Amino acid sequence: MKNHEIAEIFRKIASILEMKGDNPFRVRAYLRAADNIDGLSEDIETLAKEKRLKNIAGIGDDLSAKILEYVSTGKIKFLEDLNKTVPAGVLDLLDIPSIGPKTVKLLFDKFKIKSIEQLEQSAKSGRLLEIPGIKEKTIKNILEGIVFVKKSAEAMYLAMALNIADEFLNPLKIIPGVEKITVAGSLRRRKEIIRDVDILITSGFPQKAMSAFTSLAPVKEILAEGETKSSVRTLSGVQVDCRVVEEKSFGAALLYFTGSKNFNIKIRQMALKKGLKINEYGVFRGNKFICGRSENEVFKTLGMAYIEPELREDCGEIELALNNKLPHLVELKDIKGDLHVHSLWSDGRSSIQEMAEAAKKIGYSYICVTDHSKSLKIANGLSISDLKKKKAEIEKINKKLNNFVVLYGTEVDIDSDGKIDYPDRILKEFDIVIAAIHTGFKQSGSQITRRTVKACMNKYVHVIAHPTGRLWGVRDAYDINLEEVFKAAKETNTRLEINSFPNRLDLNDHNVHAAKQAGVGIVINTDSHAAEQLGAMHLGVSVARRGWLEAKDVVNTLKIDGLLKALKK
DNA sequence: GCCGTTTTCGGCCCGACTGTTTTCAGTCG
């Protein structure tokens, strides 16, 4: 997929144009196109081939020509020409907080500064003071920004960001005067990668709430502090923004603060056409406050259905909301059980009994214990003789449990040829067989695709686990051709997994959306290796929701009888 | 550069905070 490459090219063009003082709306057009391309669940090359590029919002004649040029030649002449006008390194300056395109241009025009190192030297030498509008404080901010960039604050994955949010929400919740408090931003939209944490508070005493926020224990430095809006950086290097509004503006503020940016622009434009104005304080006709207490009120005023935060990316959800045709997204409470958990039999840390009890407590009606198979020695994979003992243990536990079933499963290994490491006579004994790639990640994309397709073809394999193999901070997704996998999965009634393990979330939201469009069924599992990890299910559900899945698309929303029937190949 | 149940040209979301100003531009979200 070249989607992300092309999005990044458009972003680069936007940066250069902005620095050159080009039309800001032209700049925005490139950025919007980039966001929309990143949000596609289809391969942009397919769209190009089928002449459907202009169906993408924000792509017109010019940008579709540039995409075609890139797809066929691997480059875009316009960017190459632009690159000649800007020395390499200048764009890096934009990564420094507090430095934008205007400042970069100024620095280059005045002192020919074209790298972070040069800027650092000039700032330290005091030379920057010669520029009108730059004084000591600005220089200090620049130097601190450079330190920050050099440390390159990493983005977080969703679960990490949720934990940081809790470090703020929990202590603030109990401050007198803090009424409502909630996360907003990309975290509320449950994006898989979060760059900063946004918090919204309602209070009649905004300054009290602000000072409580900026003086919390995890705060290392205050980046900005105003009467209703502050930003801090935590000890772990994460930026947290906080906004306080009055109760009557809560809905409008939440809508604004949740985004996405493109979503906000679109609905504000819609409001303008109705003679209304939307800002974070409410919906207004002229100066008259119409509403703003809840998001629902605002949506209603615009004549549209409530849009779940996970959908707010301006990818067609607004149009559906206007016609009341939004999908009814799957919810955590729809999940009836977890089909991918481990136990003491392989590399888990809890017994089958403990896993079952924890699952029952959550409210599930089944789990499937899928310990590793024999070839995965590193995870204590089960030999064929151990399997009999494990099965006997499950049968014993099931006799004692009421209204709950432990299913007998396995997570088998797909070997480098696509073969499964138990023979058919063993495989057919299991209630559920999950297959996954655990070795040979370095193989070519076509080899890995072939292995996965072959596993789908196996009549005893019900689920492909963590289909792209990505592990946050460890390795990227392998170069698998998911379109081919989707085709095989659909033909063979094989489910693909959303693995909820915090650093996996694999399939991701875009892939899930594409799988749904290809007619492929999904299962959401946690891959828990201990009872306390079962709670990660909500992360996988978030991915499913971002992928527009409804309960009917997720097989483990079915009751046990329906589940086993649906999984039959 | 995109886009159109008022428009194929003339618009394009809206506001807070900072650092420098003496009324505002730049940055950010």
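Residue numbers start from 1 in every chain, and the chains themselves are labelled A, B, ... in the order their sequence lines are given, proteins ahead of strands. None of these values were measured; they are calculated from a predicted model.
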**Asked** Just by modelled atom types, is the A:N262 backbone N or O under 3.5 Å from a matching donor or acceptor in the A:R32 side chain?
**Response** no
**Prompt:** On a whole-Å scale, what distance lies between the C1' atoms belonging to B:dG15 and B:dG10?
**Reply:** 24 Å
**Prompt:** Mind checking what makes side-chain hydrogen bond (donor to acceptor under 3.5 Å, both in side chains) contact with A:S41, not counting sequence neighbours?
**Reply:** A:Q517
**Asked** Expressed in angstrom and rounded to an integer, what is the separation of A:N262 atom CG from B:dC13 atom P?
**Response** 10 Å
**Request:** With the side chain counted from C-beta on, respond yes when A:L311 and A:L320 share a heavy-atom pair under 4.5 Å apart, and no when they do not.
**Result:** no
**Request:** Could you pull out all residues at least two apart from A:K77 that satisfy side chain to side chain contact (heavy atoms under 4.5 Å, CB included)?
**Result:** A:E69, A:D81
Find every protein N or O atom lying less than 3.5 Å from an N or O atom of nucleotides 3-7 of chain B, and list the pairs.
residue : atom : partner : partner atom : Å
B:dC3   : OP1  : A:G58   : N            : 2.9

**Asked** On a whole-Å scale, what distance lies between the P atoms belonging to B:dT20 and B:dT27?
**Response** 14 Å
**Request:** Could you check how far CZ of A:R243 sits from P of B:dG15, rounded to whole Å?
**Result:** 10 Å
**Message:** For a 4.5 angstrom cut-off between non-hydrogen side-chain atoms, does A:F250 reach A:L200?
**Reply:** yes
Sequence neighbours excluded and cut-off under 3.5 Å, please list the side-chain donor-acceptor pairs for residues 49-56 of chain A, or say none.
residue : atom : partner : partner atom : Å
A:E50   : OE1  : A:R52   : NE           : 3.0
A:E50   : OE1  : A:R52   : NH2          : 2.6
A:R52   : NH1  : A:E42   : OE1          : 3.4
A:R52   : NH2  : A:E42   : OE2          : 3.0
A:K54   : NZ   : A:D61   : OD1          : 2.4

**Fill in**
The complete set of ring-ring contact (aromatic ring centres under 6.0 Å, His included) pairs with one or both residues in residues 4-31 of chain A, sequence neighbours excluded, reads A:F10-A:Y30
**Item:** Same-atom distance (C1') from B:dG1 to B:dT5, integer angstrom
**Value:** 24 Å
**Message:** Which residues in residues 69-81 of chain A have a heavy atom closer than 4.0 Å to any atom of DNA chain B?
**Reply:** none
**Earlier contact from the 5' end, DNA chain B, for A:L63 and A:S230** = A:L63
**Request:** Give me the ring orientation class for A:F299 and A:F263: parallel if the planes are under 30° apart, tilted from 30 to 60°, perpendicular past 60°.
**Result:** perpendicular
**Prompt:** Can you tell me how far OH of A:Y70 sits from CD1 of A:I6, rounded to the nearest 0.5 angstrom?
**Reply:** 6.5 Å
**Message:** So does A:L471 get a backbone contact from the side chain of A:N503, meaning a donor-acceptor N/O pair under 3.5 Å?
**Reply:** no
**Message:** Expressed as a whole number of angstroms, how long is the span from A:D61:CG to B:dG1:C1'?
**Reply:** 10 Å
**Asked** Should the pair A:E144-A:R233 be classified as a salt bridge under the 4.0 Å nitrogen-to-oxygen rule?
**Response** no
**Asked** Heavy atoms under 4.0 Å, any strand shown: does A:K66 hit a base, just sugar-phosphate, or nothing?
**Response** sugar-phosphate
**Request:** For B:dC13 and B:dG29, measure between their C1' atoms and round to the nearest Å.
**Result:** 12 Å
**Item:** B:dC9 versus B:dC14 - spacing of their C1' atoms, nearest Å
**Value:** 25 Å
**Prompt:** In whole angstroms, how far is the P atom of B:dC14 from the CE atom of A:M270?
**Reply:** 14 Å
**Fill in**
Tightest non-hydrogen contact, residues A:V178 and A:I201, listed as CG1-CG2, 3.9 Å
**Prompt:** Is the shortest heavy-atom distance from the side chain of A:D22 to the side chain of A:I16 under 4.5 Å?
**Reply:** no
**Message:** Please report the distance separating the P of B:dC12 from the corresponding atom of B:dC17, rounded so that it comes out in whole Å.
**Reply:** 25 Å
**Asked** Which residues, if any, of residues 297-323 of chain A bring a heavy atom under 4.0 Å of DNA chain B?
**Response** none
**Message:** Under 4.0 Å, heavy atoms only, any strand: does A:N264 hit a base, just the sugar-phosphate, or nothing?
**Reply:** nothing
**Prompt:** Rounding to the closest angstrom, what is the interatomic distance between B:dC2 and B:dT8 at atom C1'?
**Reply:** 12 Å
**Request:** Check A:S186 against A:D198 and note the closest heavy-atom contact, atom names and distance.
**Result:** N-OD2, 4.3 Å
**Request:** Determine whether A:R470 and A:L505 make a side-chain contact, defined as any pair of heavy atoms from C-beta on separated by less than 4.5 Å.
**Result:** yes
**Message:** Is any side-chain heavy atom of A:I278 closer than 4.5 Å to one of A:L302?
**Reply:** yes
**Fill in**
A:M210 atom CE is separated from B:dA16 atom C1', nearest whole Å, by 11 Å
**Fill in**
The contact string for nucleotides 19-29 of chain B, one letter per nucleotide 5' to 3', using protein heavy atoms under 4.0 Å with B, S and - for base, sugar-phosphate only and none, comes out as SSS----SSSB
**Request:** Kindly indicate whether the side chain of A:L539, heavy atoms from C-beta on, has any atom under 4.5 Å from the side chain of A:P502.
**Result:** yes
**Prompt:** What's the CZ-P distance between A:F10 and B:dG1, to the nearest Å?
**Reply:** 10 Å
**Request:** Strictly below 4.0 Å, heavy-atom distances to any atom of DNA chain B: list the hits from residues 217-226 of chain A, or just say none.
**Result:** A:A224, A:E225, A:G226
**Asked** When you compare B:dG26 with B:dT21, how far apart are their P atoms, in angstrom units rounded to a whole number?
**Response** 14 Å
**Request:** Please list residues of residues 40-52 of chain A whose heavy atoms come under 4.0 Å from any atom in DNA chain B, ordered by number; otherwise none.
**Result:** none
**Message:** Looking at every heavy atom in both A:T228 and A:M210, which two are closest together, and how far apart are they?
**Reply:** C-SD, 3.6 Å
**Residues touching DNA chain B, which here means a heavy atom under 4.0 Å, drawn from residues 23-31 of chain A** = A:N23, A:F25, A:R26, A:R28, A:A29, A:Y30
**Asked** Any side-chain donor paired with an acceptor under 3.5 Å for A:S203 and A:K208?
**Response** no
**Message:** Salt bridge or not between A:R11 and A:D38? Use side-chain N to carboxylate O under 4.0 Å.
**Reply:** yes
**Fill in**
A:D22 atom CG is separated from B:dC2 atom P, nearest whole Å, by 13 Å
**Request:** Quick one: label A:K277 by what it contacts on the DNA or RNA (base, sugar-phosphate, nothing), any heavy atom closer than 4.0 Å.
**Result:** sugar-phosphate
**Prompt:** Could A:E120 and A:K124 be called an ion pair, given the rule that one side-chain N must be under 4.0 Å from one carboxylate O?
**Reply:** yes
**Request:** Output all residues satisfying side chain to side chain contact (heavy atoms under 4.5 Å, CB included) with A:E310, sequence neighbours left out; order by chain, then residue number.
**Result:** A:R190, A:E308, A:R545, A:R546
**Prompt:** For A:N163 and A:D166, does a side-chain donor sit closer than 3.5 Å to a side-chain acceptor?
**Reply:** no
**Request:** Both distances under 3.5 Å, Watson-Crick or G-U wobble: report the partner of B:dG11, or none.
**Result:** B:dC2
